[in-house]
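All heavy atoms count here, side chains included; hydrogens, waters and symmetry mates do not.
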Amino acid sequence: MQDKVVIGILGKWRRLFCQEKLLTSTTIALLANLAGLLQPLREFTKTKPIWGTCAGAILLAQSVENPKKGGQELLNGMTITVARNGWGSQVGSFEAPLTVEGLSNSHNTFIGIFIRAPVIKEINSSPDQPPIRVIARLPPGVVPKSEAIMPLDNEDDPRRIVAVQQGNHLLTTFHPELTKDGRFHEYFVRACVLPLLSR
């Protein structure tokens, strides 16, 4: 009965925004599973717009390279592979000016706030999924220096990719919601939500 109620509630929603400020992706997945929400969320992901930021980006991914011991539950919403805490611990948090394709006033950079941020390790194409569109990359020279982090010497390194869209899903490895700049929210509505409403 609980599954039917949860599916009924999610069926009335039109979009979902997966963000976190205090919880890890593992904790979010564990709580969703305990509440009976994990499978309904996977079903929701198949047809509805979702935006995952930071830990939400990990949940939205198809696979994670360095899951916590015991594994990592994912929504499998986007055909990408991510790695948790890609730039190191909390001390490795940083901000970076991003040029973002498709934002209004795109000539003005968007300040990305990276807090224990995941990194995209691989973009996996799939014939039965929409293509992935890269909309933002880290500029050279902004990643914190650390012996634990492999340098970003190659412009094609997928770790430079920090925002992607696949169909009606948006993924950002940083926290747009922590800025006063609402252009990413506007982008999500315009590019991911409105096209579904017009069908």
Side-chain angles (χ1 to χ4, degrees), residues 17-21 24-25 28 49-66 72 74-75 77-125 130-146 148-192:
F17 180 59
C18 292
Q19 67 161 10
E20 59 69 48
K21 292 181 185 166
T24 66
S25 59
I28 295 169
I50 295 184
W51 177 8
T53 72
C54 200
I58 296 169
L59 287 174
L60 198 50
Q62 183 179 52
S63 63
V64 62
E65 260 191 16
N66 56 343
Q72 170 83 52
L74 302 171
L75 297 179
M78 296 181 76
T79 57
I80 64 164
T81 300
V82 297
R84 297 168 49 255
N85 302 328
W87 306 119
S89 67
Q90 191 83 16
V91 177
S93 300
F94 64 99
E95 294 183 6
L98 305 173
T99 301
V100 184
E101 182 184 321
L103 286 192
S104 58
N105 299 318
S106 61
H107 55 281
N108 294 332
T109 58
F110 187 95
I111 301 302
I113 301 173
F114 296 82
I115 303 171
R116 289 177 48 209
V119 293
I120 294 174
K121 298 291 286 205
E122 189 175 359
I123 292 180
N124 311 305
S125 60
I132 291 181
R133 179 176 171 226
V134 175
I135 57 174
R137 295 176 188 269
L138 278 175
V142 298
V143 176
K145 303 286 186 242
S146 166
I149 301 169
M150 297 279 296
L152 280 176
D153 297 331
N154 182 350
E155 278 190 32
D156 296 327
D157 190 321
R159 293 176 301 157
R160 283 191 183 280
I161 301 169
V162 296
V164 294
Q165 179 186 348
Q166 185 173 29
N168 58 358
H169 298 151
L170 179 64
L171 180 147
T172 52
T173 62
F174 56 96
H175 288 276
E177 76 280 4
L178 295 181
T179 72
K180 293 182 179 180
D181 189 337
R183 290 180 295 157
F184 252 101
H185 294 78
E186 184 269 337
Y187 177 90
F188 175 63
V189 171
R190 179 173 35 84
C192 301

Within the distance-only criterion (no hydrogens, no angle test), does the side chain of Thr53 pair as donor or acceptor with the backbone N or O of His175 below 3.5 angstrom? no
Output yes when a side-chain donor or acceptor of Gln166 lies under 3.5 Å from a complementary backbone atom of Pro130, and no otherwise. yes
When you compare the side chain of [Y] with that of [X], does any pair of heavy atoms fall below 4.5 Å?
X	Y	value
Leu98	Leu138	yes
Asn85	Pro118	no
Lys121	Pro158	no

Can you give me the closest heavy-atom contact between [X] and [Y], atom names plus distance?
X	Y	value
Gly167	Cys192	O-SG, 4.3 Å
Tyr187	Arg133	OH-NH1, 2.8 Å
Pro97	Ile111	CA-CD1, 4.0 Å
Ile132	Val164	CG2-CB, 3.8 Å
Ala117	Cys54	CA-SG, 4.2 Å
Ala136	Val100	CB-CG2, 3.9 Å

Counterpart residues, side chain to side chain donor-acceptor pair (under 3.5 Å), relative to Ser63 (two or more places apart): Thr81
Taken in chain and number order and not counting sequence neighbours, the residues that satisfy side chain to side chain donor-acceptor pair (under 3.5 Å) with Arg183 are Asp181
Apply side chain to side chain contact (heavy atoms under 4.5 Å, CB included) to the pair Ile80 and Ile161, showing each step before the final yes or no. CA-CA 11 Å; Ile80 64 164; Ile161 301 169; over 6 Å; no
Quick one: [atom1] on [X] to [atom2] on [Y], what's the gap to the nearest 0.5 Å?
X	Y	atom1	atom2	value
Leu60	His169	CG	NE2	6.0 Å
Gln62	Ile123	CD	CD1	12.0 Å
Leu171	Ile50	CG	CD1	11.0 Å
Trp87	Ser93	CH2	OG	12.5 Å
Leu170	Phe184	CG	CZ	6.5 Å
Arg159	Ile120	CZ	CD1	12.5 Å

Anything under 30° is parallel, anything over 60° is perpendicular, the rest tilted; go ahead and classify Phe188 against Trp51. tilted
What is the ring orientation for Phe114 with Phe174, classed by angle as parallel under 30°, tilted 30 to 60°, or perpendicular over 60°? tilted
